[in-house]
There are 2 protein chains.
Amino acid sequence: MSIIFSKKCEYGLQAVLYLSSTTTQPVVSAEEIAKTLYIPKEFVSKILQELTTSGIVASKKGKNGGFTLNKALSEIRLIDIVAAIDGFDIFNKCVMGFPNCSSESPCPVHGRWSVLSKETYTMLSEETLEDFLAKTKHKIQSIQK
Amino acid sequence: MSIIFSKKCEYGLQAVLYLSSTTTQPVVSAEEIAKTLYIPKEFVSKILQELTTSGIVASKKGKNGGFTLNKALSEIRLIDIVAAIDGFDIFNKCVMGFPNCSSESPCPVHGRWSVLSKETYTMLSEETLEDFLAKTKHKIQSIQK
DNA sequence: GACATATCGGATAAATGATTCTGATTAATA
DNA sequence: TATTAATCAGAATCATTTATCCGATATGTC
């Protein structure tokens with residue numbers, strides 16, 4: 001089971017991160033991404049299709065086709081991928097599942113969770129792929145099994 | 001869809017919280033809990049069965065039976081319910097889903113997420129039901145639809 | 001133009017999680 | 001003892017998510 005993102009979203013984040021580390025290639029095939037990330041090929045290409053629709057990724061059909069990022073690295077944040085796939089629900093809902101939990105009628109952890117939720121949002125929106133790449137080349141291989 | 005807890009866990013937390021606010025009654029029937037929390041009766045009684053197994057809740061069969069807390073309010077923390085139902089996975093897994101993410105080979109948000117994850121754990125383990133009750137009587141009704 | 005190799009897009013299948021059903025057991029009460 | 005009201009336990013159903021399949025289309029190369 002996944003933590004706060006759906007599996008689809010996790011895979012989407014991983015795939016985009018991988019694309020950001022392969023900018024020397026014009027496009028990368030779904031197969032290569034799938035093999036590197038140990039994600040089913042059909043699934044990852046479906047996810048990248050969706051991200052193509054939302055403008056984050058571009059695709060090229062036919063022989064030597066594949067996927068590539070559709071924006072500059074400095075213009076892509078993790079939150080953009082999350083928003084495109086899972087939406088913003090996790091930042092708005094009550095962590096205990098109470099339908100009417102709010103600052104007026106808070107659940108026991110409403111205040112504290114609001115802070116953590118906001119910090120999570122910040123974590124995903126403050127830095128761009130460019131920042132990540134500057135700090136450290138993503139060693140995707142080493143965080144895969 | 002739920003945020004970090006399964007629906008089962010959310011309902012479990014809500015039910016235990018409700019039980020903490022009804023300590024005048026010897027036991028509370030699954031039906032009463034279900035009606036108050038707008039949870040299917042069969043489902044909530046199934047969940048409370050599980051919490052009975054793990055010792056947090058006690059059940060009384062037969063006529064006028066129902067559920068009640070099996071420990072003092074000062075000895076029940078939210079993390080105990082989470083541990084019993086969802087386990088500790090959410091505190092250990094990589095938020096981006098990388099199988100080998102660790103402090104040695106971190107994903108781009110590993111460090112920041114570790115902090116948030118730890119704070120979430122603290123939020124759930126620092127206070128007991130007694131503390132919640134002391135601060136404010138749980139107005140379950142007002143946070144329900 | 002023929003062929004090989006990609007994505008695209010819709011349909012379907014498999015797996016997981018959430019919910020309901022049913023029958024059994026238990027216990028209080030009249 | 002009969003009745004009633006509750007949990008218990010496991011099976012069955014339903015819904016959602018995850019994963020796969022396949023035919024169509026596009027494109028580079030010979």
Side-chain angles (χ1 to χ4, degrees), chain A residues 1-15 19 22 25-35 37-70 82 85-87 89-90 97 99, chain B residues 1-15 19 22 25-35 37-70 82 85-87 89-90 97 99:
Chain A
M1 209 219 306
S2 29
I3 309 184
I4 55 175
F5 307 130
S6 68
K7 208 142 212 180
K8 210 165 158 184
C9 190
E10 288 185 355
Y11 289 162
L13 289 165
Q14 295 181 17
L19 286 178
T22 56
Q25 301 175 55
V27 296
V28 180
S29 73
E31 182 160 23
E32 176 181 336
I33 300 171
K35 278 194 176 146
L37 300 173
Y38 297 86
I39 302 174
K41 179 189 146 197
E42 320 285 349
F43 200 28
V44 80
S45 71
K46 179 125 299 198
I47 294 166
L48 289 172
Q49 265 174 48
E50 289 188 32
L51 290 177
T52 301
T53 307
S54 52
I56 297 166
V57 163
S59 70
K60 187 175 172 233
K61 281 185 163 187
K63 189 162 187 184
N64 301 325
F67 296 93
T68 188
L69 297 178
N70 194 38
V82 172
I85 299 178
D86 277 357
D89 276 7
I90 55 166
Chain B
M1 211 220 303
S2 30
I3 309 184
I4 56 176
F5 306 130
S6 68
K7 208 141 212 179
K8 210 165 160 184
C9 189
E10 288 184 355
Y11 289 161
L13 289 165
Q14 295 181 17
L19 286 178
T22 56
Q25 302 175 55
V27 296
V28 181
S29 74
E31 182 160 22
E32 177 181 335
I33 301 171
K35 277 195 177 144
L37 299 173
Y38 297 86
I39 302 174
K41 179 189 146 198
E42 322 286 347
F43 200 27
V44 80
S45 71
K46 175 127 300 204
I47 294 166
L48 288 172
Q49 267 173 47
E50 289 188 30
L51 290 177
T52 300
T53 307
S54 51
I56 297 166
V57 164
S59 70
K60 189 178 171 232
K61 282 184 163 189
K63 187 163 186 183
N64 302 325
F67 296 93
T68 187
L69 297 179
N70 194 37
V82 172
I85 299 178
D86 276 356
D89 275 8
I90 53 165

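Labels below follow one simple rule: chain letters A, B, ... track the order of the sequence lines, proteins then strands, and each chain is numbered from 1. Worth knowing before you read on, the calculation uses all heavy atoms, side chains too, and leaves out hydrogens, waters and symmetry mates. The structure displayed is predicted, hence computed values, not measured ones.
- The distance between atom CZ of A:F67 and atom C1' of C:dT5, rounded to the nearest whole Å, is 14 Å.
- Note: NZ (B:K8) to C1' (C:dT16) measures 12 Å, nearest angstrom.
- The nearest whole Å value for the distance from the CD atom in A:E31 to the C1' atom in D:dT20 is 15 Å.
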Collect all protein-nucleotide pairs involving nucleotides 24-30 of chain D in which both atoms are nitrogen or oxygen and the distance is under 3.5 Å.
residue: D:dT27; atom: O2; partner: A:K63; partner atom: N; Å: 3.2

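- One finds the CZ atom of A:F67 at 9.0 Å from the OG atom of A:S29 (value rounded to the nearest 0.5 Å).
- Taking CD1 of B:I33 as the reference point, atom CD1 of B:I39 lies at 8.5 Å (rounded to 0.5 Å).
- A straight line from NZ of A:K7 to P of C:dA14 spans 18 Å, rounded to a whole angstrom.
- A donor-acceptor pair under 3.5 Å is absent between the side-chain atoms of A:N70 and the main chain of A:T52, judged by distance alone.
- Distance, A:K41 NZ to D:dC22 P: 13 Å, rounded to whole Å.
- Comparing B:K46 and A:E42, the nucleotide of DNA chain D nearest to each residue sits closer to the 5' end for B:K46.
- Phosphate contact (OP1/OP2 of D:dT18, side-chain N/O of A:Y11, threshold under 4.0 Å): absent.
- The separation between A:E50 atom CD and D:dT17 atom C1' is 12 Å, rounded to whole Å.
- Taking atom CD1 on A:I47 and atom P on D:dT17, their separation rounds to 14 Å, with Å as the unit.
- A side-chain donor-acceptor contact under 3.5 Å links A:S2 to the backbone of A:F5.
- For the pairing with B:L19, the side chain to side chain contact (heavy atoms under 4.5 Å, CB included) check across B:I56, B:L51, B:V57 returns one residue only, B:V57.
- Among the heavy atoms of the strands, none lies under 4.0 Å from A:S45.
- Exactly one of A:I4, A:I90, A:V82, A:I47 qualifies for a side chain to side chain contact (heavy atoms under 4.5 Å, CB included) with A:C9. That residue is A:V82.
- For A:F43 and D:dT17, the CZ to P distance is 11 Å, given to the nearest whole Å.
- The closest donor-acceptor contact from the side chain of B:Q14 to the backbone of A:G97 lies under 3.5 Å.
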